[in-house]
Amino acid sequence: MDVLSFSRETKKTAERILEETGIVEKLSSHGKVSIGGSYALDLMYGPDIDITVECKNPREASVECLNSFVKNSKFQKYEYGDFVKHPRVNRPAGYIVNLRNVFEDKMWEVEIWFLDSVEKVDREYINEIKKKLTPDACESILLIKHQREEKQISKHELSSVKIYDAVINNGAKSIEDIHL
């Protein structure tokens with residue numbers, strides 16, 4: 001499989017989803033919108049888009065956006081999470097809206113975090129990874145993401161962040177090079 005071509009096509013689909021659904025425009029009226037994760041790094045493999053909205057009242061904004069998304073019916077499934085009242089390890093203190101729908105024969109998920117502040121560390125992390133990415137590293141990362149999917153290893157067991165770290169800092173070339 002040509003993982004680089006697959007990744008480019010996956011990102012093109014993500015761009016069409018964002019355009020057709022008007023998500024960014026809707027979210028922009030509530031605060032500063034950032035599309036992060038593998039989309040920002042041009043390392044898309046799975047059918048998911050990670051977005052953060054930095055806003056003054058994340059609870060109010062998240063509920064309003066969720067209701068708006070349900071009303072316009074562009075997605076099949078809607079989920080809401082409150083990680084302020086119900087904190088979890090490795091999750092920011094904020095509110096999440098997950099939107100799911102089939103696009104081009106795949107179930108896509110758009111994960112939107114509403115936060116009162118996006119850690120400077122998070123923004124700097126993406127920039128640091130971008131600086132360290134080489135064409136070989138990109139290919140290794142995408143290959144490992146492909147292997148993760150083939151072996152049906154969940155993203156909770158092997159996160160993309162762990163893959164980036166293993167490739168960039170430890171020279172991993174395949175999933176066997178990563179300690180799960």
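This one's a predicted model, so the numbers in the text were calculated from it and none came from an experiment. Computed from heavy atoms alone, side chains included, the values below leave out hydrogens, waters and symmetry copies.
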Is it true that, when you exclude Glu19 itself, more than 12 heavy atoms of the residues, nucleotides or ligands shown sit nearer than 6.0 Å to its CD?
no
Could you tell me how the ring of Phe83 sits relative to the ring of Trp113: parallel (under 30°), tilted (30 to 60°) or perpendicular (over 60°)?
tilted
When the ring planes of His146 and Tyr45 are compared, do they come out parallel, tilted or perpendicular, using 30° and 60° as the limits?
perpendicular
Rounded to the nearest 0.5 Å, how far apart are [atom1] of [X] and [atom2] of [Y]?
X: Arg100; Y: Met107; atom1: CZ; atom2: CE; result: 8.0 Å
X: Thr52; Y: Phe114; atom1: OG1; atom2: CZ; result: 10.0 Å
X: Glu124; Y: Asn127; atom1: CD; atom2: CG; result: 7.5 Å
X: Asp42; Y: Lys130; atom1: CG; atom2: NZ; result: 7.5 Å
X: Phe75; Y: Ile17; atom1: CZ; atom2: CD1; result: 7.0 Å
X: Ile129; Y: Ser38; atom1: CD1; atom2: OG; result: 12.5 Å

Any donor-acceptor pair under 3.5 Å from Asn170 side chain to Ala172 backbone
no
Taking atom types as modelled, is there a side-chain donor on Ser154 or Glu157 under 3.5 Å from an acceptor on the other?
yes
Looking just at side-chain N and O atoms, do Arg59 and Ser62 make a donor-acceptor pair shorter than 3.5 Å?
no
Taking the side chain as everything from C-beta on, heavy atoms only, tell me whether [X] gets closer than 4.5 Å to [Y].
X: Asp50; Y: Ile35; result: no
X: Leu133; Y: Leu43; result: yes
X: Ile175; Y: Lys151; result: yes

Work out which heavy atom in Leu115 is nearest to a heavy atom in Gly94; give both atom names and the distance.
CD2-CA, 3.7 Å
Can you see which heavy atom on Ser117 is nearest to which on Glu54, and at what distance?
CA-OE2, 3.5 Å
Geometric cation-pi criterion Lys11 and Tyr39, 6.0 Å radius, 45° cone
yes
